[in-house]
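Chain identifiers are assigned alphabetically (A, B, ...) following the order of the sequence lines, protein sequences preceding nucleic acid strands; residue numbering begins at 1 within each chain. Everything numeric in this text was worked out from a predicted model, so none of it was measured.
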There are 2 protein chains.
Amino acid sequence: MSSVSTVEPQTRMKSEDRRELVLEAAMGVFGDYGYVGATTDQVAKAAGVSQPYVVRMFGTKEKLFLEVLHRALAAMLDAFRTALHGDPSVELERRMGLSYFELLKKHGLLLSLMHSFVLGSDPVIGAAARWGFLEIYSFLRDEAGFTPLQAHEFLSNGMLANTMISTRMGDLVDEDPRVREMLEACFPEKLGIVLELGKLHRPAAR
Amino acid sequence: MSSVSTVEPQTRMKSEDRRELVLEAAMGVFGDYGYVGATTDQVAKAAGVSQPYVVRMFGTKEKLFLEVLHRALAAMLDAFRTALHGDPSVELERRMGLSYFELLKKHGLLLSLMHSFVLGSDPVIGAAARWGFLEIYSFLRDEAGFTPLQAHEFLSNGMLANTMISTRMGDLVDEDPRVREMLEACFPEKLGIVLELGKLHRPAAR
DNA sequence: GTCTATACCAAGATAGAC
DNA sequence: GTCTATCTTGGTATAGAC
């Protein structure tokens, strides 16, 4: 079961819709294999179009990735923003946490971001990742009104969570009791959901 | 200025020493470009040997990376262990923190680890990364005597720090005042050192 | 708007000499 | 123990047809 579903044979489509489809597919593939590891052909297959067409649409693989990155960031900020203005009877922390879990459902979203964060040495992707990170921090400070300390707390919890998801620590949950304990500390009361999502998002072998 | 220094023309060497040299070089290159992005040729150049020889020594690029990963993990645990049994008049938190900064000096060490953590979908590297992560957690619990909560705290702070270093957020420190604030929250009293290290470890363009 | 065919290059791995 | 030469594969990108 792959996280990237293949799409039916090519019918003519409005370019906006097709673009959407390809971006969606790309997010999944980049999430699974990283910017360098992913191939435009995998993206094409996942979107049900030909490889050259993918390149044609976005110019280069790099530009495609940047677009994915941009969307992932936007979606994330959007989710947090929604949480921010959500039901005030629920604690803000909790609302943000729930948004985060919504994001997890879009598997490639977090993973594509994570891959970009580790590419700081790449002149193009790295720069984009830095500005993206800063955007998140600025949101927390300026829009959400967090103190630097609160922002740090929020980000560190998030990063550890993201790392564990990227590493697929859930796959080890039955191998060693320590893993369950660790994941429970990291995802309080949400272990079940995380493990479920982890099962769904297993990429096919290349 | 590259983080990977090139080595003088080839003289015959004891295989153990040469191996050491290549592994050292590989750690730097993998740290800068990631497992997929790094080439055996880059490693070879950095170590001052021929590309086929690198492959010859380790069989495959994958095996080379696994070896690097193994060493990075070992070095990390070693550093933490030393800190653990260090001067008891200094607070444990502080000792561990200092060890962490020692590790930062070996640029490729943290970065290679980070790259492995994001490759959870890779059947070989991903598995190794998971066990490595678990090893660190187990150390914190079993040897350092941390509670799950303490371990979580330690790991989340570490992961955020690692991510910021991977992303090279320091490169943005003069572009936006928020960046300095953020880094200060993340590396209390150590901002200067981090920025210095960041400057040293800038890889050459490919 | 989308495909097929293909050029072109980079990179891992192998063979074999020294 | 180490190199040079080379095979092979896979992957991005281009050309051009439909």
Side-chain angles (χ1 to χ4, degrees), chain A residues 4 6-26 29-30 32-68 115 119 122 124-125 203-206, chain B residues 4 6-26 29-30 32-68 115 119 122 124-125 203-206:
Chain A
V4 177
T6 306
V7 160
E8 291 313 293
Q10 357 335 101
T11 33
R12 223 181 161 79
M13 230 172 136
K14 271 193 311 194
S15 67
E16 256 322 295
D17 297 353
R18 184 68 82 189
R19 199 184 162 79
E20 206 59 34
L21 212 62
V22 172
L23 279 167
E24 197 72 13
V29 175
F30 281 131
D32 285 339
Y33 303 100
Y35 167 58
V36 202
T39 74
T40 53
D41 194 54
Q42 286 176 309
V43 173
K45 292 256 169 56
V49 299
S50 70
Q51 179 269 329
Y53 191 36
V54 170
V55 175
R56 191 62 106 67
M57 261 191 282
F58 295 91
T60 62
K61 174 176 154 179
E62 188 177 69
K63 281 184 190 148
L64 172 57
F65 185 76
L66 288 174
E67 184 84 24
V68 166
H115 272 109
L119 285 181
D122 181 293
V124 179
I125 315 270
R206 291 187 76 176
Chain B
V4 178
T6 307
V7 160
E8 291 313 293
Q10 1 331 103
T11 32
R12 223 179 159 82
M13 234 171 133
K14 272 194 309 195
S15 68
E16 258 319 297
D17 297 353
R18 184 68 82 188
R19 201 183 161 79
E20 206 60 34
L21 213 60
V22 172
L23 280 168
E24 197 72 13
V29 174
F30 281 130
D32 286 339
Y33 302 100
Y35 167 58
V36 201
T39 73
T40 54
D41 193 54
Q42 287 175 309
V43 174
K45 292 256 168 56
V49 298
S50 69
Q51 179 268 330
Y53 191 36
V54 170
V55 175
R56 193 59 106 67
M57 261 191 283
F58 296 90
T60 62
K61 174 175 154 179
E62 188 177 69
K63 281 184 190 149
L64 171 58
F65 185 77
L66 288 174
E67 184 83 26
V68 166
H115 272 110
L119 287 181
D122 182 293
V124 179
I125 315 272
R206 293 186 76 174

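- The CG atom of D17(B) sits 15 Å away from the C1' atom of dT2(D) (whole-angstrom rounding).
- Dashed line: the shortest gap from a side-chain N or O of S15(B) to OP1 or OP2 of dG1(D) is under 4.0 Å.
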* To do: Scan nucleotides 5-18 of chain C nucleotide by nucleotide, 5' to 3', and note B when protein non-hydrogen atoms come under 4.0 Å of the base, S if they reach only the sugar-phosphate, - if neither.
  => B-----SBBB-B--

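- Rounded to the nearest 0.5 angstrom, H115(B) NE2 and D32(B) CG are separated by 8.5 Å.
- Side chain of R18(B), nearest nucleotide from dT2(D), dG1(C), dT4(C): dT2(D).
- Taking NZ from K14(B) and CZ from R19(B), the interatomic distance works out to 14.5 Å, rounded to the nearest 0.5 Å.
- Partners of F30(A) according to the ring pair (Phe, Tyr, Trp, His ring centres under 6.0 Å) rule, which considers only residues two or more places apart in sequence or in another chain, are F65(A).
- For Y53(A) and dA13(D), the OH to P distance is 17 Å, given to the nearest whole Å.
- The interatomic distance linking L64(A) (CG) with dA13(D) (C1') rounds to 14 Å, in whole Å.
- Nucleotide dT2(D) holds its P atom 7 Å from the CE atom of M13(B), rounded to whole Å.
- Considering CG of D122(B) and CG of L119(B), their distance stands at 6.0 Å, rounded to 0.5 Å.
- K63(B) places no side-chain N or O within 3.5 Å of a backbone atom of M57(B) that could act as its donor or acceptor partner.
- Contact annotation: the side chain of L23(A) approaches that of L64(A) to within less than 4.5 Å [non-hydrogen atoms, C-beta and beyond].
- One interatomic measurement links the two molecules: CE of M57(B) to P of dG1(D), which rounds to 10 Å at whole-angstrom precision.
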